[in-house]
Amino acid sequence: MKITIETPNPGEEDEIIVRCASLDEKLMHLIYALKSDTDNLNGYMEDRITKLSVKDIFYFESVDNRVFAYTAGEFYEIHKKLYELEKEFEHTDLLRISKSVIINVSKIDYVKPIFNGRFEAKLKNGEKVIVSRQYVPDLKGKIGLKAR
């Protein structure tokens, strides 16, 4: 891969040109990271509104039609639906693992298979979440596990 960095002339806008034979997932992830200026969400807790960085969120969970973001020590209500978060952050480390949970893959300590084809993911904050059978292949792909 060849990388060229040029300084634009005064008055010219910064520009990034991607020239590639095919767009793979890693390249899309890089492009999204360059384009994205929305890696923050508003989290609501009691009477406070807190700016949350997506990198600090361990997982999102939908409970009783409300969505919560869990960080290392606190949780916040998020005024978005899970499908909206999934779409907005599809090229990041966030991954749907069940009907009601989206996990931050970078916060996984380890995964292990459990009964009925499901996985258990232990997060770096000590919490455990269950990966539904239908989402196990997506998780394996995201963390680089290959099927035997």
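Bear in mind that the values here come from a model prediction, so they are computed numbers and not experimental data. Positions are given from 1, in the same order as the sequence printed here.
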task = Evaluate the side-chain proximity of L95 to I143: yes if any heavy-atom separation is below 4.5 Å, no if none is.
result =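 Heavy-atom side-chain distance check fails, nothing below 4.5 Å.
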
ask   = Does a side-chain heavy-atom distance below 4.5 Å link S100 with V63?
value =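 They are not in contact (no side-chain heavy atoms under 4.5 Å apart), so the answer is no.
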
query = Would the Y59 and Y70 ring centres measure less than 6.0 Å apart?
reply =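 Aromatic pair counts; centres sit under 6.0 Å.
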
Are any side-chain N or O atoms of [X] and backbone N or O atoms of [Y], one a donor and one an acceptor, separated by less than 3.5 Å?
| X | Y | result |
| --- | --- | --- |
| S132 | Q134 | no |
| S98 | V101 | yes |
| R133 | V136 | no |
| E74 | T71 | no |

ask   = Is the NZ atom of K51 crowded by more than 12 outside heavy atoms at less than 6.0 Å?
value =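 Enclosed: over 12 neighbouring heavy atoms sit under 6.0 Å from NZ of K51.
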
request  = Please indicate whether F68 has more than 12 foreign heavy atoms, meaning atoms of other residues, nucleotides or ligands, lying under 6.0 Å from its CZ.
outcome  =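 Counting other residues, nucleotides and ligands, CZ of F68 exceeds 12 neighbours.
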
To the nearest 0.5 Å, what is the distance between [atom1] on [X] and [atom2] on [Y]?
| X | Y | atom1 | atom2 | value |
| --- | --- | --- | --- | --- |
| F89 | I57 | CZ | CD1 | 7.5 Å |
| D14 | T7 | CG | OG1 | 9.5 Å |
| I102 | D93 | CD1 | CG | 13.0 Å |
| E88 | K81 | CD | NZ | 15.0 Å |
| R19 | T4 | CZ | OG1 | 8.5 Å |
| Y44 | E46 | OH | CD | 15.0 Å |

Return the minimal non-hydrogen interatomic distance between [X] and [Y], and the atom names on each side.
| X | Y | answer |
| --- | --- | --- |
| N42 | I78 | O-CD1, 3.5 Å |
| V111 | A121 | CG1-CB, 3.9 Å |
| L85 | K80 | CD2-CD, 3.9 Å |
| N40 | S53 | OD1-CA, 3.5 Å |
| L82 | S62 | CD1-CB, 3.6 Å |

ask   = Hey, mind stepping through L139 and I108 against side chain to side chain contact (heavy atoms under 4.5 Å, CB included) and telling me if it holds?
value = CA-CA 11 Å; L139 176 65; I108 294 176; 4.0 Å; yes

task = Would you mind checking if K87 and E90 are paired as a salt bridge, meaning a charged N to carboxylate O distance below 4.0 Å?
result =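 Result for this pair is yes, salt bridge flagged.
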
key: Audit row: I103, L123, side chain to side chain contact (heavy atoms under 4.5 Å, CB included) steps and yes/no   = CA-CA 9 Å; I103 193 170; L123 305 177; 3.4 Å; yes

Pairs flagged by side-chain hydrogen bond (donor to acceptor under 3.5 Å, both in side chains) wherever residues 106-120 is involved - sequence neighbours left out =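 side-chain hydrogen bond (donor to acceptor under 3.5 Å, both in side chains) check on residues 106-120 returns N104-S106.
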
key: Common cluster, M45/F60, ILVMFWY with side-chain heavy-atom separation under 4.5 Å   =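 Yes, M45 connects to F60 through the hydrophobic network.
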
